[in-house]
2 protein chains.
Amino acid sequence: MTSSDAPARRSKQPSMGDVARHAGVSSQTVSRVSNGHANVDPLTRQRVVESMEALGYRPNSAARALRRGKFKAIGVIMFTLRTFGNMSTLNAIATEAARADYSVTLLPVREATLGQVSGAYNRLSEAAVDGVVIIFEAHLLDEAEFTLPPGLPVVVIDSNAGDAYTVVDTDQADGARQATEHLLSLGHRKIWHVAGPESSFSAMRRMEYWRRTMVDAGIEPPPVRYGDWSTESGYRHGMELGQRDDVTAIFAGNDQMALGLMRALHELGRDVPGDISVVGFDDLEEAHSFWPPLTTIRQDFGEVGRQAIQNLLAKVDGERDNHKIIVPTRLIVRGSTAAPRE
Amino acid sequence: MTSSDAPARRSKQPSMGDVARHAGVSSQTVSRVSNGHANVDPLTRQRVVESMEALGYRPNSAARALRRGKFKAIGVIMFTLRTFGNMSTLNAIATEAARADYSVTLLPVREATLGQVSGAYNRLSEAAVDGVVIIFEAHLLDEAEFTLPPGLPVVVIDSNAGDAYTVVDTDQADGARQATEHLLSLGHRKIWHVAGPESSFSAMRRMEYWRRTMVDAGIEPPPVRYGDWSTESGYRHGMELGQRDDVTAIFAGNDQMALGLMRALHELGRDVPGDISVVGFDDLEEAHSFWPPLTTIRQDFGEVGRQAIQNLLAKVDGERDNHKIIVPTRLIVRGSTAAPRE
DNA sequence: ATGAAAGCGCTAACAC
DNA sequence: GTGTTAGCGCTTTCAT
């Protein structure tokens, strides 16, 4: 009875047992080699490695995860990758997670699925992850009513999630205050605000603190204008605001809308910052090359991602307390702001 | 020797068996409920669901994956999320994968790990994925020499990977040709090119076809200038080119460099497109709001992502052939190009 | 330094 | 409609 090598069982991945057989050792030895353990005779190890290569073995991570009870993976729940902020945060998360040898799984959320607590559990509960970072617009989190599986560590970014989770939040309030005060200190009085959508937690915080800063300065804030974060919406508001003569300063809810605004003002022949000053929020990589270079509020997305992962991994390792981390923002003064013309 | 079930084992997730015990049924029945199978008495199902909730049960996906031999996950290997293109592609990939009920795992590659074919296997071989999309700059793929685990379906994006894999590629060549011909047709003769880094496959393709188009038109191409995709590098070249009087048209390797170029030209007081025409590549979402709005080549990242996933999933389901998919590019004419001044 | 046995949590196959 | 049995591929004792 020869168990010689001509099986032609092409489609199946070889298992540890197959390697063991091929190398003439037990599968434990293969396991030890695969995990780089010490107590293996160099010659044996050599033989095993050769067998692995010959067979094209690769460890089955499902089995491994099952056995070890850890996936070495964290999930990120987000609606869209389309915004600069989400992208940057995700990038930081992936980088930081990799440092700890964790991979990152995207858990895209189609809104339909969300509230639906049907008989079958939703994909989140099945996800092969040790913890989850949620980058949601806050109100959506509320609406969702989606019960996170108990025991799954969670960190929430930029949300009003309250005390139930650890929250990492950019200091929107202070950013909006800085932006508004900068314009005020330049001598502008009536500062207009083009806010992000009402559905956004961040947008509402920025708007609230713009208003508050105005009121604190004893100035009646002009009516808020709502955009949707897009360059186009900024453009539309720019076309309207640019035609009024009581507009000397605009604080846009993000850089993209600021860009759209400036384009409209250019088209209308209004000079930025000569006629009208503009401040953004985010500090896109390109913002310093806009024309004029954009004065804006820098968000430290890298730090947000880092904090999120560090706190999440602490939880994965057993920490139970929730924290609230506030990441500071910073005013970057460039060429789009100046004192109002006399 | 107490192998009794020590209670108060707080930290452990409840298993199917626990739920079964709690509900007074077999774990098989729990499994059926968990998977939404039909043959379960409504009352039993009810009871099981209640037990699940009471215990906070969530299925262990490692066990599930082990049993089923599928992870329902695909991996994406990329160096950085920082570029618009990678991010857009990733977004499309995630969206398309979600439609097929697959999640996406980011496999960040730290260069150090890469070539290293040490005894221990690299993270890719352990990744809990059914297939892999690679978004690499081509030469890196070459250098890497990293042998993909045999049997793991692979699709490569924008690379010269050859016939070993299915490749989804944007039609860089045609894009570069369109950009150059557009400028030519406007009446420009000597068209300068600010290319991406030499290490980039895409950059080299664009460069090659810009040159070829010039040669075909019987014009000696001016020396190539290399940037690194960044706005800053565009700015630097802009400051130099803008001071020469033999520059009337520049084709930038991407939109960000084009933006930097235009900023430099503004600062130098050169009018775009009056004095100098500029064409980009990518069509960033903001490109139409640059000042002036940027003429550029649109890449269809969404289609690239879609094709990648569709082809990959076909392979996961057993398809063996490799394909080569070319996604077309398109010239978008906006305000940054015009005929040269006489 | 190596091997044997047990079992992680789940589901497919087959009872009943 | 429900339970029993077996085993996916791996790692953790414990022996040798």
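Side-chain atoms are counted along with the backbone in the values below, which use heavy atoms only and exclude waters and symmetry mates. All chains are named by letter (A, B, ...) in the order of the sequence lines, taking the proteins before the strands, and each is independently numbered beginning at 1.
- Checking dC10(D), dT4(D), dC10(C) against every side-chain atom of Y57(B), the shortest atom distance belongs to dC10(C).
- Proximity of a side-chain donor or acceptor of D130(A) to a complementary backbone N or O of I74(A) within less than 3.5 Å is not detected.
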*For E50(B) and R47(B), what are the C-alpha separation, side-chain angles and deciding distance, and is it a salt bridge (charged side-chain N to carboxylate O under 4.0 Å, His left out)?*
CA-CA 5 Å; E50(B) 279 165 7; R47(B) 208 144 34 90; over 6 Å; no
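- Side-chain proximity of S15(B) to the nucleotides dG9(C), dT11(C), dT2(C) is greatest for dG9(C).
- In terms of heavy-atom proximity, A65(B) sits nearest to A62(A) at CB-CB, 3.8 Å.
- One atom, CD of Q46(B), and another, P of dG1(D), lie 17 Å apart when rounded to the nearest Å.
- Within the 4.5 Å cutoff, side-chain heavy atoms of V30(A) are placed close to those of M52(A).
- Look at T44(B) and you'll find a side-chain N or O under 4.0 angstrom from OP1 or OP2 of dT2(D).
- Considering only side-chain N and O atoms, S27(B) lies nowhere under 4.0 angstrom from the phosphate OP1 or OP2 of dT11(C).
- Closest to the side chain of L66(A), out of dG9(D), dT2(C), dC10(C), is dG9(D).
- In this structure, CE of M16(A) is placed 15 Å from P of dC8(D), rounded to the nearest angstrom.
- Between the CZ atom of R47(B) and the P atom of dG1(D) there is a distance of 15 Å, given to the nearest Å.
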With the criterion being N/O to N/O and under 3.5 Å, what pairs connect the protein with nucleotides 12-16 of chain C, and how long is each?
unit_1	atom_1	unit_2	atom_2	d
dA12(C)	N6	Q28(B)	NE2	2.6

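- Atom-to-atom, CE of M52(B) to P of dG9(C) comes out at 15 Å; the value is rounded to the nearest Å.
- With hydrogens and angles ignored, the 3.5 Å screen pairs no side-chain donor or acceptor of N322(A) with any backbone N or O of V167(A).
- The CZ-C1' distance, from R64(B) to dC10(D), rounds to 20 Å in whole Å.
- Note on T29(B): every side-chain N or O is 4.0 Å or more away from OP1 and OP2 of dT2(D).
- The nucleotide whose nearest atom lies closest to any side-chain atom of N35(A) is, among dT2(C), dC10(C), dT11(D), dT11(D).
- Within 4.0 Å (heavy atoms only), N39(B) reaches at least one base atom of the nucleic acid.
- Put simply, the side chain of T170(B) never gets that close to the backbone of V327(B): no donor and acceptor are under 3.5 Å apart.
- One atom, NZ of K70(A), and another, P of dT12(D), lie 13 Å apart when rounded to the nearest Å.
- With the nearest nucleotide of DNA chain D identified for both V25(B) and A63(B), V25(B) has the one nearer the 5' end.
- Between the side chains of S34(A) and R64(A), at least one donor-acceptor pair of N or O atoms lies under 3.5 Å.
- S31(B) places no side-chain N or O within 3.5 Å of a backbone atom of S27(B) that could act as its donor or acceptor partner.
- The residue from N311(B), V304(B), D169(B) that alone fulfils the side-chain contact (heavy atoms from CB on, under 4.5 Å) condition with I325(B) is N311(B).
- Within the 3.5 Å criterion, the main-chain N or O of L43(B) finds a donor-acceptor partner in the side chain of D41(B).
- The distance between atom CZ of R45(B) and atom P of dG1(D), rounded to the nearest whole Å, is 10 Å.
- The distance between atom CZ of R58(A) and atom P of dG9(D), rounded to the nearest whole Å, is 13 Å.
- Five base pairs at each end of the helix from dA1(C)-dT16(D) to dC16(C)-dG1(D) define two local axes, and these are offset by 30° (rounded to 10°).
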